[in-house]
*Asks:* 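Structure in structure tokens, see below.
All residue numbers in this chain count up from 1 along the given sequence. On a predicted model such as this, the values are computed, not experimentally measured, just so you know.
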Amino acid sequence: MQMKGIRLPTNLPTDLLRSFVTVVELGSMIRAAEKLHFTASAVSLQIKRLEHIVRGPVFFRENRQLALTETGTLLLKHARAILQTNDAAVTSLLGALEAGPVRIGMIQDFADANLTDVLARVVAANPAAPVHLKVGSSSELQDLLTANRLELALTFCDLDDPEALAYRETAWIGKPALFDLPTLPLAVVEAPCLFRDQAVEILQKIGRPFEIVVETASISALRAAVVSGLAVTLRTVQTAPNAEYCRKDVQIPSPTDIGIRLSRSEISSPQSKEFARIIARSIRDTDAAQTASGTCGD
């Protein structure tokens with residue numbers, strides 16, 4: 001019972017805030033309901049309860065899309081901070097398993113070369129922390145990170161990116177005979193792709209005839225096209241099956257090296273900070289090993 005003259009503090013329930021943030025991130029109550037394992041009507045009711053507490057609407061419809069009101073925009077900032085503090089407390093008191101999975105995304109190039117090592121280090125550092133892994137393109141992972149559907153994303157970036165933590169040497173890769181053909185057969189990853197853009201720009205700039213004969217979302221398919229002698233590609237030297245495939249003596253300008261960026265989302269968990277250190281350490285160890293061996297490719 002509330003005593004006369006005493007105003008009790010208003011509480012913002014974390015379950016309502018989590019539903020609110022999920023709706024914002026996914027842009028739809030239906031998609032939020034699927035992720036939260038609720039019905040759409042249950043999520044809608046939670047939002048109404050939250051609006052009653054904050055005494056105003058948090059969403060409005062704009063071109064059939066949900067948009068934040070001024071109250072909703074202000075609430076979102078506080079909601080994310082509250083949830084981050086809540087999840088950190090749960091992790092500290094009950095362990096990583098209760099805090100939910102750490103969602104990590106990484107480019108396939110890195111997954112092929114370092115995934116076993118990274119996962120082994122992650123498990124050794126915190127065996128109780130569940131991990132959800134997404135392997136995809138840099139653009140896809142960056143979109144997921146921006147939408148807070150990933151906590152960590154390891155992506156390629158421009159070499160002069162201030163957030164680049166390392167770089168990878170790039171080269172024209174393929175069987176030597178293919179570079180002597182009148183029309184260069186080219187294998188590329190589907191757009192958007194920094195390597196694809198650079199390859200096409202270089203070849204067009206020097207007037208070198210080329211034809212894209214392989215266009216794929218799979219690095220494995222790209223590598224198969226190169227190994228089979230079907231096409232050449234522009235990629236990091238780690239993509240080459242061996243040093244003989246790295247062509248630096250062809251009459252084509254050398255490509256620019258590329259950076260690697262490791263980014264964290266705004267709502268990343270305490271475990272993601274430790275996992276970021278593990279991934280960064282794996283990158284440094286890989287670079288040191290490759291420098292010591294002095295080889296091109298695997």
*Asks:* If I compare all heavy atoms of Phe20 with all of Ile47, which pair ends up nearest, and what's the gap?
*Replies:*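 Between these two residues, the closest heavy atoms are CA-CD1, 3.7 Å.
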*Asks:* Give the minimum heavy-atom separation between Leu17 and Ala79, together with the two atoms involved.
*Replies:*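 Between these two residues, the closest heavy atoms are CD2-CB, 3.9 Å.
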*Asks:* Can you measure from CD (Gln65) to CZ (Arg61) and round to the nearest 0.5 angstrom?
*Replies:*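 These two atoms lie 8.0 Å from each other.
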*Asks:* Should Ile252 and Ile258 be regarded as members of a common hydrophobic cluster, given that ILVMFWY residues are connected when their side-chain heavy atoms come within less than 4.5 Å of each other, either directly or indirectly?
*Replies:*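 Linked within one cluster.
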*Asks:* Which heavy-atom pair separates Pro13 from Ile53 by the least distance, and what is that distance?
*Replies:*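 Here Pro13 and Ile53 meet closest at CD-CD1, 3.7 Å.
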*Asks:* With a 4.5 Å cut-off on side-chain heavy-atom distances among I, L, V, M, F, W and Y, is there a chain of contacts connecting Leu234 to Val213?
*Replies:*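 No: no chain of side-chain contacts under 4.5 Å links Leu234 to Val213.
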*Asks:* Might you point out which heavy atoms bring Pro253 and Ile202 nearest each other, and give the distance in Å?
*Replies:*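 Pro253 and Ile202 have their closest heavy atoms at CD-CG2, 3.8 Å.
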*Asks:* Could you walk me through whether Ser41 and Thr39 pass the side-chain hydrogen bond (donor to acceptor under 3.5 Å, both in side chains) test, one step at a time?
*Replies:* CA-CA 5 Å; Ser41 59; Thr39 64; 3.1 Å; yes
*Asks:* Within this structure, what is the NZ-CG distance for the pair Lys77 and Leu75, rounded to the nearest 0.5 Å?
*Replies:*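 Between Lys77 NZ and Leu75 CG, I get 12.5 Å after rounding to 0.5 Å.
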*Asks:* Please say yes or no: joined through hydrophobic side-chain contacts below 4.5 Å, possibly via intermediate residues, are Ile278 and Leu152 part of one cluster?
*Replies:*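 Yes, it is one cluster - the side chains of Ile278 and Leu152 are joined through contacts under 4.5 Å.
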*Asks:* Find out whether Thr14 and Leu83 are in side-chain contact, i.e. whether some heavy atom of one side chain is under 4.5 Å from a heavy atom of the other.
*Replies:*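 When only atoms from C-beta onward are counted, Leu83 and Thr14 do touch, with a gap below 4.5 Å.
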*Asks:* Using the side-chain contact (heavy atoms from CB on, under 4.5 Å) rule, take Arg223 and Ile219 through it: C-alpha gap first, then chi angles, then the decisive distance, then the call.
*Replies:* CA-CA 6 Å; Arg223 187 178 289 113; Ile219 301 301; 4.0 Å; yes
*Asks:* Could you check Leu178 against Leu181 for side-chain contact (heavy atoms from CB on, under 4.5 Å), going step by step and ending with a plain yes or no?
*Replies:* CA-CA 5 Å; Leu178 295 179; Leu181 295 176; 3.8 Å; yes
*Asks:* About how many Å separate OG of Ser265 and CG of Leu144, when rounded to the nearest 0.5 Å?
*Replies:*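 One gets 11.0 Å once the value is rounded to the nearest 0.5 Å.
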*Asks:* Tell me the salt bridge (Lys or Arg N to Asp or Glu O under 4.0 Å) pairs involving residues 254-263, sequence neighbours left out?
*Replies:*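 For residues 254-263, and leaving out neighbouring residues, the salt bridge (Lys or Arg N to Asp or Glu O under 4.0 Å) pairs sorted by first residue read Asp161-Arg261.
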*Asks:* Under the ring-ring contact (aromatic ring centres under 6.0 Å, His included) test, which residues partner Phe38, sequence neighbours left out?
*Replies:*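 Partners of Phe38 under the ring-ring contact (aromatic ring centres under 6.0 Å, His included) test: none.
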*Asks:* Could you check whether any side-chain heavy atom of Thr170 comes within less than 4.5 Å of a side-chain heavy atom of Val237, counting everything from C-beta outward?
*Replies:*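 They are not in contact (no side-chain heavy atoms under 4.5 Å apart), so the answer is no.
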*Asks:* Got a second to check how far Leu194's CG is from Asp158's CG, nearest 0.5 Å?
*Replies:*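 So the CG of Leu194 and the CG of Asp158 are separated by 5.5 Å.
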*Asks:* Heavy-atom distance under 4.5 Å between the side chains of Thr216 and Val188, does that happen here?
*Replies:*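 Thr216 does not reach Val188 side chain to side chain.
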*Asks:* Tell me whether Thr233 contacts the main-chain N or O of Ala187 through its side chain, where contact means a donor paired with an acceptor under 3.5 Å.
*Replies:*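 Pair found, side chain donor or acceptor close to backbone of Ala187.
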*Asks:* With a 4.5 Å limit on heavy-atom distance, are the side chains of Phe210 and Val200 in contact?
*Replies:*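 Yes, side chains in contact.
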*Asks:* Around atom CD1 of Ile30, are there more than 12 heavy atoms from other residues, nucleotides or ligands closer than 6.0 Å?
*Replies:*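 At most 12 heavy atoms, drawn from other residues, nucleotides or ligands, come within 6.0 Å of this atom.
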*Asks:* For the residue pair Lys48 and Ser44, establish whether any side-chain heavy-atom pair is separated by less than 4.5 Å.
*Replies:*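 Sidechains of Ser44 and Lys48: in contact.
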*Asks:* Looking at every non-hydrogen atom in both residues, tell me the closest pair between Ala276 and Arg264 and how far apart they are.
*Replies:*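 Here Ala276 and Arg264 meet closest at CB-CD, 4.5 Å.
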*Asks:* Is it true that atom CZ of Arg49 has more than 12 heavy atoms of other residues, nucleotides or ligands lying nearer than 6.0 Å?
*Replies:*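 It does not: Arg49 CZ has 12 such atoms or fewer within range.
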*Asks:* Taking all atoms of both residues into account, what is the closest heavy-atom pair of Ala164 and Cys157, and its distance?
*Replies:*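 That closest heavy-atom pairing would be CB-SG, 3.8 Å.
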*Asks:* Quick one: CD1 on Ile107 to CZ on Arg168, what's the gap to the nearest 0.5 Å?
*Replies:*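 Reported to 0.5 Å precision, the distance equals 8.5 Å.
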*Asks:* Would you call Asp109 and Arg235 a salt bridge, taking side-chain N to carboxylate O under 4.0 Å as the test?
*Replies:*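 The answer is yes: the pair qualifies as a salt bridge.
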*Asks:* I'd like to know if the side chain of Gln198 and the backbone of Thr256 have a donor-acceptor N/O pair within less than 3.5 Å.
*Replies:*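 Answer holds: yes.
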*Asks:* State, yes or no, whether a side-chain contact exists between Trp172 and Leu186 at a heavy-atom distance under 4.5 Å.
*Replies:*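 They are in contact (side-chain heavy atoms under 4.5 Å apart), so the answer is yes.
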*Asks:* Which of these, Glu215, Glu201, Glu190, sits in a side-chain hydrogen bond (donor to acceptor under 3.5 Å, both in side chains) with Arg196?
*Replies:*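 Among Glu215, Glu201, Glu190, the one meeting side-chain hydrogen bond (donor to acceptor under 3.5 Å, both in side chains) with Arg196 is Glu215.
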*Asks:* In terms of hydrophobic clustering (I, L, V, M, F, W, Y; side-chain heavy atoms under 4.5 Å; direct or indirect links), are Leu12 and Leu76 co-clustered?
*Replies:*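 Looking at the clustering, Leu76 is in the same group as Leu12.
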*Asks:* Distance from Ser138 atom OG to Met106 atom CE, nearest 0.5 Å?
*Replies:*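 If we round to the nearest 0.5 Å, Ser138:OG and Met106:CE are 12.0 Å apart.
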*Asks:* Using the rule given for side-chain contact (heavy atoms from CB on, under 4.5 Å), can you reason through Val189 versus Phe195, listing the C-alpha separation, both sets of side-chain angles and the distance that settles it, and then say yes or no?
*Replies:* CA-CA 8 Å; Val189 169; Phe195 297 102; over 6 Å; no
*Asks:* Decide whether Val43 and Leu50 are clustered together by the hydrophobic rule: side chain heavy atoms of Ile, Leu, Val, Met, Phe, Trp, Tyr closer than 4.5 Å, transitively.
*Replies:*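 Val43 and Leu50: one cluster.
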*Asks:* Do Glu25 and Arg31 have side chains that get closer than 4.5 Å, going by heavy atoms?
*Replies:*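 No - every pair of side-chain heavy atoms lies 4.5 Å or more apart.
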*Asks:* Between Glu51 and Val58, is there a donor-acceptor pair closer than 3.5 Å when you use the side chain of the first and the backbone of the second?
*Replies:*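 Present.
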*Asks:* Are any non-hydrogen side-chain atoms of Ser19 and Met29 less than 4.5 angstrom apart?
*Replies:*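 Of all side-chain heavy-atom pairs linking Met29 with Ser19, none is under 4.5 Å.
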*Asks:* The test is side-chain contact (heavy atoms from CB on, under 4.5 Å); show your working for Asn86 and Arg18 and say whether it passes.
*Replies:* CA-CA 11 Å; Asn86 174 84; Arg18 199 174 301 278; 3.4 Å; yes
